[in-house]
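Lettering follows sequence order; numbering is per chain, from 1. Note that the structure is predicted; figures quoted are calculated from it, not measured.
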2 protein chains.
Amino acid sequence: MGDHERLGSSLGRHMAAKVDLTDVAYLEQLETRSDVDRDPRERTIATAYVALVSANLNPSIPADTAWCHVDELPPTAFDHASIINSGRERLRAKLTYTNVGYALAPETFTIAELRDVYVACLGHAISATNLQRVLLRRKIIKATNDAAPPPSSGGRPATLYRFAERTLLVTDPFAVFRPPRSLDQERST
Amino acid sequence: MGDHERLGSSLGRHMAAKVDLTDVAYLEQLETRSDVDRDPRERTIATAYVALVSANLNPSIPADTAWCHVDELPPTAFDHASIINSGRERLRAKLTYTNVGYALAPETFTIAELRDVYVACLGHAISATNLQRVLLRRKIIKATNDAAPPPSSGGRPATLYRFAERTLLVTDPFAVFRPPRSLDQERST
DNA sequence: TCAAAAGTGTTTATAATACACCCATGG
DNA sequence: CCATGGGTGTATTATAAACACTTTTGA
């Protein structure tokens with residue numbers, strides 16, 4: 001890292017240089033690991049980040065690098081597996097109470113495509129029907145006037161949707177212990 | 001920090017030495033700040049932690065240190081205000097989906113006492129009635145057979161409660177996008 | 001006209017909030 | 001017996017999951 005650089009921007013520079021990942025749509029610091037023996041060769045401290053890129057991009061990567069499905073990761077050195085797991089948990093949580101999905105989806109997409117992205121992140125099946133309802137109710141996505149052509153096997157054309165905002169918004173801040181509804185809010189309902 | 005020490009244990013050592021805070025019930029890493037000019041004197045990187053202690057403790061602290069209500073903090077140097085705010089948000093969120101309150105409450109307590117702790121953390125009013133219901137339903141707290149004596153002004157004695165577990169448990173992992181209920185789980189209901 | 005895929009209508013379940021009311025105590 | 005707080009019963013509201021059914025397309 002350069003002496004006059006922040007950790008985040010340093011990371012962006014390295015990713016662009018090494019793996020051609022110039023279109024990181026969302027970057028979030030995960031955690032700093034300081035275990036004395038995380039690397040047996042020498043004392044290191046590592047600050048990990050989560051970087052999200054659109055699922056339709058396929059940036060060229062060097063021969064010693066590869067894309068992996070989280071459930072099929074090769075064995076990793078040191079505490080890397082634990083860090084990856086921690087990152088996935090963070091993403092899983094954020095998908096449920098923010099609009100962070102915008103960073104994983106292309107500009108426009110069908111609900112089925114978005115469902116696949118969510119399934120990959122969450123690790124369990126979810127229905128396109130309910131995904132659509134939830135995201136529409138929260139006004140996280142909205143329908144465009146376009147539709148995707150059906151596959152050659154036939155089928156109804158799928159409406160294309162887009163994310164309403166492409167910056168992080170917390171849409172469900174209070175799961176419980178909500179502050180009492182103020183009179184202002186009551187009037188607006 | 002010692003060369004052979006983790007960040008967390010180093011922190012514990014410093015807090016015990018400087019502010020007599022030996023009974024930290026919960027410690028969690030918050031974030032690492034690396035802004036180039038966070039300290040104008042020299043380039044520093046700071047990893048911040050959130051430490052929770054029981055609200056009934058009142059450890060002795062040196063003259064240059066003081067307990068402050070979050071809403072009445074004195075002006076702070078560098079990016080400290082922003083870090084403190086970030087820590088409070090973290091605590092607020094964790095109180096809503098984990099049992100982390102155990103780290104802020106004494107062994108036994110009345111619902112009214114616990115309510116005051118929650119109010120201080122969340123920053124808005126919550127009713128003792130609803131707090132009790134939610135925490136009981138989630139099995140985060142349970143009633144003891146004891147009761148606290150009423151104040152001299154009279155009143156019904158308050159049941160004393162305790163936290164069921166005193167280690168971190170995530171009680172509400174899936175706000176939405178829950179995995180489909182398996183047949184196993186269905187049988188057990 | 002049938003299969004495939006998308007989307008809607010409607011029911012059900014769950015969890016939290018709101019609030020009226022009852023209980024137990026000290027003076 | 002009344003003021004003071006604690007606690008319970010119950011209605012309301014909000015949100016999401018489940019699933020049957022309808023729509024729109026290609027062959």
[X]: which residues meet the side-chain hydrogen bond (donor to acceptor under 3.5 Å, both in side chains) condition with it, sequence neighbours left out?
X	value
Asn145(B)	none
Ser86(B)	Glu31(B)
Ser127(B)	Asn130(B)

Rounded to the Å, how far apart are [X] [atom1] and [N] [atom2]?
X	N	atom1	atom2	result
Ile141(A)	dA6(C)	CD1	C1'	13 Å
Gln132(B)	dT8(D)	CD	C1'	8 Å
Asn130(B)	dA15(C)	CG	P	15 Å
His124(B)	dT17(C)	NE2	P	8 Å
Leu136(A)	dT15(D)	CG	C1'	15 Å
Ile126(A)	dA18(D)	CD1	P	11 Å
Ile140(A)	dT15(D)	CD1	C1'	14 Å
Leu122(A)	dA16(D)	CG	P	14 Å

Going by heavy atoms in the side chains, are [X] and [Y] under 4.5 Å from each other?
X	Y	value
Leu27(B)	Val50(B)	no
Tyr118(B)	Thr96(B)	no
Tyr49(A)	Leu30(A)	no

Under 3.5 Å between N/O atoms: give me all the protein pairs with nucleotides 24-27 of chain C, atom names plus distance.
{"residue": "dA24(C)", "atom": "N3", "partner": "Arg156(B)", "partner atom": "N", "Å": "3.3"}
{"residue": "dT25(C)", "atom": "O2", "partner": "Gly155(B)", "partner atom": "N", "Å": "2.9"}
{"residue": "dG26(C)", "atom": "O3'", "partner": "Ser152(B)", "partner atom": "O", "Å": "3.1"}
{"residue": "dG27(C)", "atom": "OP1", "partner": "Ser152(B)", "partner atom": "O", "Å": "3.4"}

Could you list the donor-acceptor pairs under 3.5 angstrom formed between side-chain atoms of residues 158-171 of chain A and any protein atom two or more places apart in sequence or on another chain?
{"residue": "Tyr161(A)", "atom": "OH", "partner": "Gln132(A)", "partner atom": "NE2", "Å": "2.9"}
{"residue": "Arg162(A)", "atom": "NH1", "partner": "Glu107(A)", "partner atom": "OE2", "Å": "3.1"}
{"residue": "Arg166(A)", "atom": "NH1", "partner": "Tyr102(A)", "partner atom": "O", "Å": "3.4"}
{"residue": "Arg166(A)", "atom": "NH2", "partner": "Tyr102(A)", "partner atom": "O", "Å": "3.2"}
{"residue": "Arg166(A)", "atom": "NH2", "partner": "Ala105(A)", "partner atom": "O", "Å": "3.0"}
{"residue": "Arg166(A)", "atom": "NH2", "partner": "Pro106(A)", "partner atom": "O", "Å": "3.4"}
{"residue": "Thr171(A)", "atom": "OG1", "partner": "Tyr97(A)", "partner atom": "O", "Å": "3.4"}

Task: Ala158(A), nearest nucleotide to its side chain (from dG6(D), dA16(D), dA6(C)) - done: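 The listed nucleotide nearest to Ala158(A)'s side chain is dA6(C).
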Open item on the list: Ile141(A) and side-chain contact (heavy atoms from CB on, under 4.5 Å): which single residue from Asn99(A), Ile111(A), Leu131(A), Val134(A) fits?
Closed with: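 The passing option is Ile111(A).
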TODO: For Arg88(B), check salt bridge (Lys or Arg N to Asp or Glu O under 4.0 Å) against everything at least two apart and list the hits.
DONE: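 If we apply the salt bridge (Lys or Arg N to Asp or Glu O under 4.0 Å) test to Arg88(B), skipping adjacent residues, the hits are Asp71(B).
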TODO: Using the test salt bridge (Lys or Arg N to Asp or Glu O under 4.0 Å), find all partners of Arg90(A) that sit at least two apart in sequence or belong to another chain.
DONE: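 Scan of Arg90(A) (salt bridge (Lys or Arg N to Asp or Glu O under 4.0 Å), adjacent residues dropped) gives Glu28(A).
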Polar atom pairs between nucleotides 9-12 of chain C and protein, under 3.5 Å, N or O only, would you list them?
{"residue": "dG9(C)", "atom": "N7", "partner": "Arg133(A)", "partner atom": "NH2", "Å": "2.8"}
{"residue": "dG9(C)", "atom": "O6", "partner": "Arg133(A)", "partner atom": "NH1", "Å": "3.4"}
{"residue": "dG9(C)", "atom": "O6", "partner": "Arg133(A)", "partner atom": "NH2", "Å": "3.0"}
{"residue": "dT10(C)", "atom": "O4", "partner": "Arg133(A)", "partner atom": "NH1", "Å": "2.8"}

Open item on the list: Any residue in residues 104-114 of chain B with a heavy atom nearer than 4.0 angstrom to DNA chain D? Just list them by number, or reply none.
Closed with: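 Within this stretch, Ala112(B) sit under 4.0 Å of the strand.
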Open item on the list: Let me test you: for the helix from dT1(C)-dA27(D) to dG27(C)-dC1(D), what is the angle between the axes at its two ends (five pairs each), rounded to 10 degrees?
Closed with: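 Taking the rotation axis at each end, their angle is 20°.
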Open item on the list: Between Thr108(B) and Thr144(B), is there a side-chain donor-acceptor contact under 3.5 Å, judged purely by atom types and distance?
Closed with: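 No, Thr108(B) and Thr144(B) have no side-chain donor paired with an acceptor closer than 3.5 Å.
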Task: Thr110(B) and Arg115(B) side chains, donor-acceptor separation under 3.5 Å - done: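 Not at all, the side chains of Arg115(B) and Thr110(B) share no donor-acceptor pair under 3.5 Å.
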Open item on the list: Is the phosphate of dA18(D) approached by Ser127(A) (side-chain N or O, under 4.0 Å from OP1 or OP2)?
Closed with: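 So the side chain of Ser127(A) is outside the cut-off, no N or O lying under 4.0 Å from OP1 or OP2 of dA18(D).
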Open item on the list: Which residues pass the ring-ring contact (aromatic ring centres under 6.0 Å, His included) test with Tyr26(B), not counting sequence neighbours?
Closed with: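 Per chain and number, Tyr26(B) pairs via ring-ring contact (aromatic ring centres under 6.0 Å, His included) with no residue.
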Listing, residues 147-156 of chain B side-chain donor-acceptor contacts under 3.5 Å, not counting sequence neighbours, or none:
none

